[in-house]
Amino acid sequence: QVQLVESGGGLVQAGGSLRLSCAASGRTFNGYAMGWFRQAPGKERDFVAVIAWTGGDTDYADSVKGRFTISREDAKNTVYLQMNSLKPEDSAVYYCAASRLAGYPRNPRLFGSWGQGTQVTVSS
């Protein structure tokens, strides 16, 4: 399996931006679909965005579409989540995950490797 470490979380005011990074190690980064999920206190872990391992196809949750952008830099074994126009409801622990499936899965059960998470807090 691949090991994942997130960074870039923090406290930001509503309307601000943050860029999350997820560094992968342990196995070749290429060949994995990479996803971002988030979990607020007392809620389930929700899909945010995913990028396929071939072609760079992406998919987003409706709640973040147009505000968040997922990208990957295979040479650095890193995936990013650029978050703009942040809202208080975006506050959560954000997790990076890797899936060996083709395409761009949304179901967290289809991701076999997870990072430890990074906290994002958006103040109003």
Side-chain angles (χ1 to χ4, degrees):
Q1 288 191 346
V2 62
Q3 287 77 49
L4 305 172
V5 178
E6 303 96 335
S7 61
L11 174 64
V12 64
Q13 288 188 333
S17 298
L18 281 175
R19 187 196 197 201
L20 305 183
S21 299
C22 173
S25 63
R27 294 193 62 173
T28 178
F29 185 64
N30 196 13
Y32 286 85
M34 299 300 298
W36 286 97
F37 295 80
R38 65 187 181 186
Q39 188 167 19
K43 296 188 176 181
E44 294 184 348
R45 190 168 297 187
D46 290 332
F47 166 77
V48 175
V50 64
I51 186 165
W53 69 273
T54 59
D57 289 339
T58 59
D59 192 21
Y60 296 92
D62 289 343
S63 59
V64 306
K65 201 170 292 184
R67 300 188 297 122
F68 291 10
T69 302
I70 188 171
S71 61
R72 62 190 297 160
E73 191 169 2
D74 287 356
K76 294 187 176 181
N77 285 351
T78 301
V79 63
Y80 305 98
L81 185 68
Q82 178 66 45
M83 306 185 295
N84 299 327
S85 302
L86 283 161
K87 305 174 182 180
E89 51 264 41
D90 293 320
S91 298
V93 177
Y94 282 71
Y95 296 90
C96 173
S99 172
R100 292 289 289 177
L101 292 180
Y104 30 93
R106 286 185 166 217
N107 189 333
R109 295 181 180 181
L110 301 178
F111 289 77
S113 299
W114 292 84
Q116 82 289 348
T118 185
Q119 177 71 47
V120 171
T121 303
V122 184
S123 62
S124 58

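Keep in mind the model is a prediction, meaning the values are calculated, not measured. Positions are given from 1, in the same order as the sequence printed here. Note: hydrogens, waters and symmetry copies are ignored here, and every other heavy atom, side chains too, is used.
In summary, the side chains of Tyr80 and Glu73 do present a donor paired with an acceptor at a separation below 3.5 Å, with no hydrogens or angles considered.
Listed by chain and number, the residues in a side chain to side chain contact (heavy atoms under 4.5 Å, CB included) with Ala98 are Val2, Leu4, Tyr32, Met34, Ser113 (sequence neighbours excluded). With sequence neighbours excluded, the residues that form a side-chain hydrogen bond (donor to acceptor under 3.5 Å, both in side chains) with Asp59 are Arg106. Applying the side-chain hydrogen bond (donor to acceptor under 3.5 Å, both in side chains) rule to Gln3 yields no partners; only residues at least two apart in sequence or on another chain are considered. With sequence neighbours excluded, the residues satisfying side chain to side chain contact (heavy atoms under 4.5 Å, CB included) with Lys43 are Ala40. Residues forming a salt bridge (charged side-chain N to carboxylate O under 4.0 Å, His left out) with Arg100 (at least two apart in sequence, or on another chain): none. Asp62 pairs by the side-chain hydrogen bond (donor to acceptor under 3.5 Å, both in side chains) definition with Lys65, not counting sequence neighbours.
For Gln116, the CD atom counts as densely surrounded, since its 6.0 Å shell holds more than 12 non-hydrogen atoms of other residues, nucleotides or ligands.
Residues Gln39 and Tyr95 form a side-chain contact, since some pair of their non-hydrogen atoms from C-beta on lies under 4.5 Å apart. Proximity of Thr58 to Tyr104: side-chain heavy atoms (C-beta onward) are nowhere separated by under 4.5 Å. You'll find the side chain of Lys76 stays beyond 4.5 Å of the side chain of Ser21, heavy atoms only. With contacts defined as side-chain heavy-atom distances shorter than 4.5 Å, the pair Tyr60/Thr69 qualifies.
The minimum heavy-atom distance between Ser17 and Gln82, with the atom names listed, is CB-NE2, 4.0 Å. Among all heavy-atom pairs drawn from Leu110 and Pro105, the shortest one is CD1-CB, 3.8 Å.
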Notebook entry, point to check: Given the rule in the side-chain contact (heavy atoms from CB on, under 4.5 Å) test, do Phe111 and Phe37 qualify, once you have shown the distances and angles that lead to the verdict?
Noted result: CA-CA 11 Å; Phe111 289 77; Phe37 295 80; 3.5 Å; yes

Check: What's the verdict on side-chain contact (heavy atoms from CB on, under 4.5 Å) for Met83 and Trp36, showing C-alpha distance, side-chain angles and the deciding distance?
Finding: CA-CA 12 Å; Met83 306 185 295; Trp36 286 97; over 6 Å; no

Next item on the list: Could you go through the side-chain contact (heavy atoms from CB on, under 4.5 Å) check for Arg38 and Val64 one step at a time?
Entry: CA-CA 12 Å; Arg38 65 187 181 186; Val64 306; 3.9 Å; yes

